[in-house]
Each structure stands twice: as C-alpha cells, then as structure tokens.
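Accompanying notes for the structure given below.
Each ligand, and each atom within it, is numbered from 1 in the order the structure gives.
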Amino acid sequence: MVHQACIACGEKYDADEIVYLCKRCGDLLEVKYDYDVIKAKLEKSDWQTMTLSVWRYKDFMPIRDPSKIVSLNEGGTGLYSCQRLVNLLGVGQLYVKNEGENPTGSFKDRGMTLGITKAVELNMKTVICASTGNTSASLAAYAARAGLQCIVLIPSGKIAYGKLAQAMVYGAKVVQIRGSFDQALKMVLDLSEKHREVYLLNSINPYRLEGQKSLAYEICDQLNREAPDRVVLPVGNAGNISALWKGFTEFHKLGLIDKLPKMTGIQAEGAAPIARAIKNGSNEITPIKQPETIATAIRIGAPVSWKKALRAIRESKGTAETVTDEEILEAQKMLARSEGLFVEPASASSIAGLKKLFESGKIDKDEVIVCVATGHGLKDPDIAIKTSEKPFEVDAEMESIEKLLGLSKPIPATVVSR
Ligand code: F0G
C-alpha cells in the first residue's frame, strides 16, 4: 500500500492525508511503496516501449487514476554526450541532462505534473508555493492547466525576470515579500497548515519529489539501463538531490540497474550550508542568515530537505563542493560555447563544481559523469547579457560590415575550395 512516512521516526500517514511535516516529531515525510506490488505491475505494463517522459513511469508513481493526470508533456529531456567539454575539462566521460527542455524550462515541471495531479485527486482548489523563481513558474503553469487558483510568494527584487514573467502571465497571484526565500517558505508552510484549503506544493510535499525522481529513471534508461558513476547537480532547497537518490535506489531495488551513482551536490559559496556540513563531517547544517549568490535559484540559507540531502550524499559515497559566482559564470559560458547548451547560472554551477572537484583530484579520470543542467538560460537573460561581449554596431552598409568582419578583400570565386 502506498503511504507517507516520517524519515526520522517512521510514523505512517495515509497517502491521502494532507500533512507536510510529521505530527509526532516534526521531520520530513517521504512516499513509501510495496516494491513487490510495483514489480507485479511492471510485468504487465508496456512502460518500456513508451517514449521517454515522466509518465512513462506511471507504474512507479503514487497516482490512482491515470485519466486525471495533469500534463504539459514534461520529461524526456536530452542527455547530451559532451566531448568538446570533456576536452576542455579533462574528465573521462561527461553527459549533460538538459532540463531546460521541460515545458516551463526547468526540472520543476517533473514535480509539478505529479503535485498538481495529486491536488486534483484531493479535490483542492488553491495551490501555493514559495520560490526563488522556477517553482513559481512551474506551479503557475500546471495550476492554469488544471484550472486551479495559484498563489506564489517570492523574495522581492531577487528573482530572475524570465521566471517572474512566467508566473505573472500564467495568472498566478504573485506576492513579493520583503524578506528571503527561507522566510517565504516558512510563511507558506504556516499558511497552508492554518488554512487547510490551500495546498502547499513546495518540495516539503513528498509528492513533488515523486515526480522529480523520474529524472534519475530517465538518466538510467538513456544510458541503456545503467547508472552513471556520478551525478553532479546544484543544490538549493535540496529537494532535487533527494528525489534523484530516491529514483536511483528504487531502480536498483527493482533490479533495473546494478550499481548506484555517487551523488555530488554543488552549492554557491555564499549559500552553502549543505556543502559545509559535508566538508565538516557534520550531521547538522548551520543555516545562513543572508545567503548571497548571482545564482538566484539557489540563494537559499536554510534548505528544507537538508537531512534527505546529507543522507543521499553520504549513502552514495558522494561529496559536495562550493563554487564562486565567477566560477559559475565562467562555466555557463563554457557550456554554451562548447556544446550549444545555454543554462541558467544555478545550473552551470554543476559544471563549475565538476571542474573544481576534478582539478583537486576528487573525481577520477575514468568516471562516467552526468551533470544536471536544471534550468534554461533564458530564465535569467540579464546575467547573460551582462557577462557577454556587447554586440557590434555599424552602419547598414556592406563596406562597414566587411571592414568589421575583416572581409575587405574579396576572394575570387574560382579559388574557393570546399
Ligand atoms: N537549479 C535551479 C534552476 C533551481 O531553480 C533550483 C531550485 C535548484 C537548482 C535547486 O534545486 O531546491 O531542489 O535543491 N529552485 C527552487 C525554486 C528553490 O523556488 O525555484 P533544489
């Protein structure tokens, strides 16, 4: 039977109970399954012949009625083999999973298709989240698709414009609070516990992570049913690293892969409580009051899923690293220019972290590595414009353009070789 359970004390809750934190000890919840039931379902299912997408994995998901699924065709994103980047970095084998290809341009859509489907199953009419941008964009889109009211709380003046535009145009009630993401998250949690008619869809809601675990399944399927040696990804509120680890361990439990990857979390130097705890060998995190980084998506000082993330990193024998804003911006350009993949700064931190870990000898040359590029570069166009060479401006005359391009002496047609 599918149910929810506390990750600390094991207290069980019905799959349909609206509960965000354990009522006994206050810790996080997770969705639990009977894997023999899933195995039996898989034997009768045609899932292996379906196209790659979140819902190819519906037998692994806590959904009662597939006809109620709220979808915008999420998942099925490209896993790119990046040889040019390999040559630049010196690493063994590298793939980038480009989550910017999702309907609203980030991995959040994997969680929201499931979260909103659950909201519909539970007959909720209003959904809410706190967000550094992408969660709000995604929630607003899926709420619109399902005809639900959507409220989003964002830290004022600190989110990328592309994301704000999305939440606004999808018709969410956008509330900017004069405070941090961490404060906004505390407020939406308190609000949805007080007003039970408002359904919270931050990653504290374990159903979100059930959708996001499909990212791990897809990586294995794209690598011909094998896990990579290592997965490197940005960590903010720490839901995604927890979701991926759940996905990999489930595929392993079901006998679909025979090894597990080392989970490697990257945080920006000014917002790195999890990376610090890993480096210090600590079992607790020390929240950061005023997190700072250019990668606004991961400007988070008190990650709600820190315990799940520490567990994922330690159980998988992975690691964590911090990167500076400069390293993030350099990696963003390197990925765009060597592979044609334009990702937002938070996403580029995975490449920056990989570079740093490899150069310091913490990643071996023979590893097969997957970096997760979590969101599209156009989410935050201001940064890209600020950090790139400015366009040239010339008069609209052939001569001026030729001069600029150094093409002033025409080559006779006869000597042009192919
Ligand atoms: N990358 C991007 C592009 C993100 O938007 C986020 C989180 C992360 C990485 C980190 O993922 O929180 O699961 O560890 N963005 C959230 C938001 C916080 O509100 O959009 P995480």
Side-chain angles (χ1 to χ4, degrees), residues 28 97-102 104-112 115 128-141 152-155 158-160 162-164 166-167 172 174 180-182 184-185 188 200-206 208-209 211-213 215 231-246 263-268 271-275 285 291 293-310 312-313 320 323 328 332 342-353 371-380 383:
L28 297 172
K97 180 75 168 155
N98 190 22
E99 287 293 287
E101 292 170 22
N102 276 298
T104 76
S106 85
F107 71 96
K108 304 284 181 182
D109 296 339
R110 296 179 182 274
M112 287 309 174
I128 194 167
C129 73
S131 180
T132 58
N134 282 323
T135 300
S136 62
S138 184
L139 183 65
V152 306
L153 258 67
I154 53 173
K158 286 182 185 161
I159 83 163
K163 305 173 188 182
L164 184 60
Q166 287 178 294
V174 180
S180 66
F181 167 82
D182 302 297
L185 183 58
V188 291
L200 179 61
L201 274 171
N202 276 101
S203 56
I204 200 167
N205 181 328
R208 272 270 313 279
L209 302 192
Q212 285 175 214
K213 74 184 181 184
L215 215 169
V231 174
V232 187
L233 74 164
V235 174
N237 214 18
N240 208 32
I241 193 166
S242 315
L244 261 78
W245 181 237
K246 190 167 193 278
M263 301 304 294
T264 303
I266 310 299
Q267 294 200 293
I274 289 173
I285 59 156
T293 167
I294 198 157
T296 51
I298 51 171
R299 180 158 35 187
I300 294 173
V304 75
S305 295
W306 66 269
K307 212 181 256 185
K308 288 183 180 177
L310 291 186
I313 292 169
V323 287
I328 290 173
Q332 185 188 34
F342 178 26
V343 306
E344 67 168 283
S347 314
S349 70
S350 62
I351 305 292
C371 278
V372 183
T374 44
H376 199 287
L378 286 176
K379 293 275 193 175
D380 196 349
I383 297 269

Identify the heavy atoms of Ser203 and Val304 that sit nearest to each other, and give their distance. OG-CG1, 4.5 Å

Ligand 1 to Lys163 polar contact by distance, N or O atoms, under 3.5 Å: no

Nearest to atom 8 (C) of ligand 1, what protein heavy atom do you find, and at what distance? Ile298 CG2, 3.7 Å

Select the closest option to atom 2 (C) of ligand 1 among Leu153, Thr132, Thr374, Thr135, judged by heavy-atom distance. Thr374

Check: Lys108 main-chain N/O paired with Gln212 side-chain donor or acceptor under 3.5 Å: no

Judged by heavy atoms only, the candidate from Trp306, Phe107, Phe181 nearest atom 11 (O) of ligand 1 is Phe107

Does Ser350 reach the main-chain N or O of Leu233 with its side chain, forming a donor-acceptor pair under 3.5 Å? no

Can you pull out the closest protein heavy atom to atom 13 (O) of ligand 1? Residue, atom name and distance to 0.1 Å, please. Asn240 N, 2.8 Å

Asp109 side chain vs Thr104 backbone, donor-acceptor pair below 3.5 Å: yes

Heteroatom proximity flag, Ala238 to ligand 1, N/O under 3.5 Å: yes

If you measure every N or O of Ser131 against every N or O of ligand 1, does any of those distances drop under 3.5 Å? yes

How does Ile241 reach ligand 1, by side chain, by backbone, by both or by neither, if only non-hydrogen atoms under 4.0 Å count? neither

Suppose we measure from atom 4 (C) of ligand 1 to each protein heavy atom; which comes out shortest, and what is that distance? Ala297 CB, 3.5 Å

Whether Gln267 side chain and Ala275 backbone form a donor-acceptor pair below 3.5 Å: yes

Taking the non-hydrogen atoms of Ile300, is any one of them nearer than 4.0 angstrom to ligand 1? yes

Ignoring hydrogens and angles, tell me if any N or O in the side chain of Asp380 forms a donor-acceptor pair with the backbone of Ala160 under 3.5 Å. no

Taking every non-hydrogen atom, the tightest pair across Ala309 and Ile274: CB-CD1, 4.0 Å

Is it the case that ligand 1 has an N or O less than 3.5 angstrom from some N or O of Pro234? no

For atom 12 (O) of ligand 1, grab the closest protein heavy atom and report residue, atom and distance to one decimal in Å. Asn237 N, 2.7 Å

Return the closest protein heavy atom for atom 7 (C) of ligand 1 as residue, atom name and distance. Lys108 NZ, 3.0 Å

Please check if the side chain of Ser347 supplies one atom and the backbone of Gly375 the other of a donor-acceptor pair under 3.5 Å. yes

How close does the nearest protein non-hydrogen atom get to atom 10 (C) of ligand 1, and which residue and atom is it? Gly236 N, 3.5 Å

